[in-house]
> 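The structure that follows is given in the form of structure tokens.
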Amino acid sequence: MGIKDLLRFMKPYVELIHIKKYAGKRVGIDAYSWLHKGAYSCSMELCLNLEGDKKLQYLNYFMHRINLLRHYKITPVVVFDGGNIPCKASTEHERHRRRKANRDLAMAKLNEGEASAATELFQRAVSITPSMAHQLVQILKTEKIEFVVAPYEADAQIAYLSSLEAEKGGIVAVISEDSDLLAYGCPTVVFKMDRYGNGEEIVLDKIFDSVARVPSFRHFDRELFIGMCVLAGCDFLSSVPGIGIAKAYSLVSKYQNLDRVLSILKFEKGNRMPEDYSKSFREAVAVFQHARVYDPDSKRLIHIKPLPQKLLQSLNEELDFLGPEMPPSIATAIADGNLDPTTMEAFDLFQNSGIHLNHSTSIQTSDPLLRQEDIAISTTQESSFTVICSNERIRVTEQKPILEERKYLNEAVALKKLLFPLKDKTAEENKTVPDKLPPKAPDNNPFRKRKFEEVQLDQKDSVTEQVSAVTVVEDSEILCTTPESQESVNSKFIKMNDGEKRGKNRKLRRSSCQSSENKKSSILNFFSRV
DNA sequence: CCTGGGTATAGAT
DNA sequence: TATACCCAGG
């Protein structure tokens, strides 16, 4: 994970610190690393989805650490991973494959009665499911801990937050295990924080400023540093055979220019170089520089750093390798933890409806669906239109003072891309993904689509009578979502066809089983599970 | 000297 | 799992 051997290479730049030095400050947390560590303690329970409290142990682990931070008067900001970007697909597939193999082995051992061997294997098979992440989100909400779900890479989101002022949601440092953060340009990262708050800190500026230390990066800039990272091998692109972190460093150091490094490399390696390495290299560098992130201030997707016109042209305006564009309403719903970023399904709150407490006073004072200004409707010339609504009325009206058809048409196109990214050739040609199926959510992604069995299990215990599920129907033009806040257990999506009046909204919402006259043009279809 | 593959071990309770 | 460390071959 991350940049191969980067942390070892950067050893001279680590300083042992205690997190109390960030007292009074906002600090970002890479949720994935703590979730994963926490899952060790209950890996078998999680893998087998056993009943009982044991499998919630990972939540204790996480909250323990959160409380450690709070004890030192630090304000934690938890950042979750979102969807996957195309160029990471092969890494994810490999992980998924390995975990599955381990799980199968574990099951075999278990059947043979070798419990200890089995638990060991289960530990290698744990993956963080969307359900787990979502459960944590519920707790964070009741504990009033700030969090955000990144549209794609959590690392990119963290890097972006690091660049913001505290007043705008910024953070001064981040706790993580992932060396990618340095490539993304995070100014301060604390690695390997233990349960007492001791950790290893790396400050990016010190890397570039240091005079005495070896390796020296005094003649490096951000781009060269990223180039070195990509050359050494990262999640988006594995390194050219024979090139490791040290070689990567000396190449970049010597030529001071990534294009020159590439051509030298091509010259020296000849046919040992992958055919499309240069292109992939450029894209990987561009991901670190210009990844798509959620901007909490404007509540929409932006680039970590805007793309220069020149780069845009050289990429033929094709940016989907960064992960497809998505409309603000979707990005917000994802960021707030209401929408699964890999499946685009609304999270159902079944599993949590019993324990979840309503702590927010400003919400649900009225039925938002009855208020005209909360509902954005845009008709296409055909027979469908878009509904966007939210029960956070003010936010929505501010965000979209004028509702234009065009805008929602664009949203529909964007959503379509999100849902069928592999129809895109850029994604297809990118690496050796064996099947051509729609984006398989990788195993280690916290929002990986939940297994069918899991869903059924959840339903069993539920108290609520009704929840809406969302499925995807092909060839769609309608987009609808209610980025509703956490408290509502009612429908999170609403779809309407032409001819249906706004007054019907409430009815729709309650009887979420809607027969779709117009399947051809509908993207989201709702039915109720009772 | 570097890379890359192999192996040991932490990390949870 | 993923990271650290060690050693062999280039």
Side-chain angles (χ1 to χ4, degrees), chain A residues 1-11 14 30-47 50 52-66 68 81 91-106 115-129 132 136 155 175-182 189 191-200 202 214-215 228-229 231-235 238-254 265 268-270 272-273 442-446 448:
Chain A
M1 200 166 166
I3 313 299
K4 195 154 176 283
D5 286 330
L6 183 63
L7 288 186
R8 198 170 46 81
F9 197 65
M10 290 295 168
K11 240 347 185 300
V14 286
D30 181 7
Y32 179 75
S33 59
W34 286 2
L35 274 173
H36 207 275
K37 284 185 178 177
Y40 279 115
S41 56
C42 47
S43 52
M44 182 159 82
E45 288 74 12
L46 286 169
C47 284
L50 301 178
D53 290 347
K54 178 81 188 289
K55 75 172 173 191
L56 299 179
Q57 196 62 45
Y58 68 94
L59 296 171
N60 283 335
Y61 177 93
F62 201 104
M63 293 315 290
H64 253 281
R65 299 209 154 196
I66 290 288
L68 175 77
D81 267 302
T91 307
E92 301 293 2
H93 274 266
E94 176 62 16
R95 284 178 189 164
H96 182 254
R97 199 188 55 73
R98 284 226 288 268
R99 270 193 270 257
K100 190 175 187 307
N102 279 314
R103 207 197 59 208
D104 292 346
L105 272 172
S116 66
T119 42
E120 198 172 304
L121 287 163
F122 275 128
Q123 289 183 349
R124 303 177 183 196
V126 248
S127 59
I128 306 305
T129 64
M132 290 165 69
L136 176 59
D155 303 340
I175 299 168
S176 173
E177 307 297 313
D178 196 343
S179 53
D180 278 341
L181 288 167
L182 296 174
V189 190
F191 296 100
K192 306 187 219 299
M193 195 195 83
D194 68 14
R195 77 183 100 169
Y196 308 109
N198 302 302
E200 303 181 354
I202 294 185
V214 182
M228 177 192 79
C229 291
L231 283 170
C234 63
D235 287 349
S238 47
S239 68
V240 175
I243 304 292
I245 186 73
K247 286 265 179 67
Y249 168 79
S250 67
L251 279 169
V252 173
S253 212
K254 185 169 174 188
L265 217 48
E268 284 181 358
K269 295 286 170 179
R272 290 230 40 146
M273 280 271 280
D443 226 5
N444 75 334
N445 190 302
R448 184 181 60 93

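Order of the sequence lines fixes the chain letters, A, B, ..., with proteins taken first and strands second; residue numbering starts at 1 for each chain. Predicted, not measured: the structure shown is a model, and the values here were computed from it.
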> Exactly one of Val189(A), Asp30(A), Asp155(A) should register a side chain to side chain contact (heavy atoms under 4.5 Å, CB included) with Asp180(A). Which one does?
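For Asp180(A), the side chain to side chain contact (heavy atoms under 4.5 Å, CB included) test succeeds with only one of Val189(A), Asp30(A), Asp155(A), which is Asp155(A).
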> CZ of Arg65(A) to OH of Tyr196(A): how many Å apart, nearest 0.5 Å?
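Result: 10.5 Å between the selected atoms.
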> Mind checking if Tyr61(A) touches a base, just sugar-phosphate, or nothing, with heavy atoms under 4.0 Å?
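Counting heavy atoms under 4.0 Å across all strands, the contact made by Tyr61(A) is with sugar-phosphate only.
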> I'd like to check Trp34(A) versus Met193(A) (side-chain heavy atoms, cut-off strictly below 4.5 Å). Are they in contact?
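A side-chain contact exists here, since the closest heavy-atom pair is under 4.5 Å.
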> Choosing from dA12(B), dT3(B), dA2(C), which nucleotide comes nearest the side chain of Tyr32(A)?
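Selected nucleotide: dA2(C).
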> Figure out the CD1/P separation between Ile245(A) and dA4(C), and round it to whole Å.
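In whole Å, dA4(C) P and Ile245(A) CD1 are 13 Å from each other.
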> Other residues, nucleotides and ligands only: do more than 12 of their heavy atoms fall within 6.0 Å of CG on Asp53(A)?
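Count not over threshold, so no.
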> Between dC5(C) atom C1' and Asp5(A) atom CG, what is the distance in whole Å?
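Going from Asp5(A) (CG) to dC5(C) (C1'), I get 11 Å.
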> Want to settle it: does Lys192(A) or Arg124(A) sit nearer the 5' end of DNA chain C, counting the closest nucleotide to each?
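It is Arg124(A), whose closest nucleotide lies nearer the 5' terminus.
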> On the nucleotide dA10(B), are OP1 or OP2 found under 4.0 Å from the side-chain N or O atoms that Lys37(A) carries?
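Result: no.
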> Find the distance His96(A):NE2 to dT1(C):C1' and express it as a whole number of Å.
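My rounded result for the distance is 15 Å.
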> Could you check whether Arg272(A) gets within reach of a base, just the sugar-phosphate, or nothing at all, counting any heavy atom under 4.0 Å?
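Nothing, no nucleic acid heavy atom in range.
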> Figure out the CG/C1' separation between Leu59(A) and dA12(B), and round it to whole Å.
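Result: 14 Å.
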> In this structure, how many angstroms lie between the C1' atom of dC5(C) and the NZ atom of Lys4(A), rounded?
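Value for this atom pair: 13 Å.
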> With a 4.0 Å cutoff (strictly under), does any side-chain N or O of Arg65(A) reach OP1 or OP2 of dA12(B)?
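The answer is yes; a side-chain N or O of Arg65(A) sits under 4.0 Å from OP1 or OP2.
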> Could you pick out which residue, Val126(A) or Glu200(A), lies toward the 5' side of DNA chain C when each is mapped onto its nearest nucleotide?
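In this pair, the answer is Val126(A).
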> Quick check for you: to the nearest 0.5 Å, what is the distance between Ser43(A) atom OG and Tyr58(A) atom OH?
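Going from the OG atom of Ser43(A) to the OH atom of Tyr58(A) covers 13.5 Å.
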> Rounded to the nearest angstrom, tell me the gap between atom NE2 in His36(A) and atom P in dA10(B).
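Interatomic distance, NE2 of His36(A) to P of dA10(B): 18 Å.
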> Grab the CD-P distance between Glu177(A) and dA10(B) for me, whole Å please.
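Result: 16 Å.
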> Heavy atoms under 4.0 Å, any strand shown: does Lys11(A) hit a base, just sugar-phosphate, or nothing?
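Since no nucleic acid heavy atom lies under 4.0 Å of Lys11(A), the category is nothing.
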> Can you tell which of dT3(C), dA12(B), dT13(B) lies closest to the side chain of Gln57(A)?
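Selected nucleotide (nearest to the side chain): dT13(B).
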> Go through the N and O atoms of the side chain of Tyr40(A) and the base of dT1(C), and report whether any donor-acceptor pair is under 3.5 Å.
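Under the 3.5 Å cut-off, the side chain and the base do form a donor-acceptor pair.
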> Please give, in whole Å, the distance from dA12(B) P to Lys54(A) NZ?
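It is 15 Å, rounded to the nearest whole Å.
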> Heavy atoms from C-beta onward define the side chain here; which of dT3(B), dG11(B), dG4(B) lies closest to that of Lys247(A)?
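Among dT3(B), dG11(B), dG4(B), the one nearest the side chain of Lys247(A) is dT3(B).
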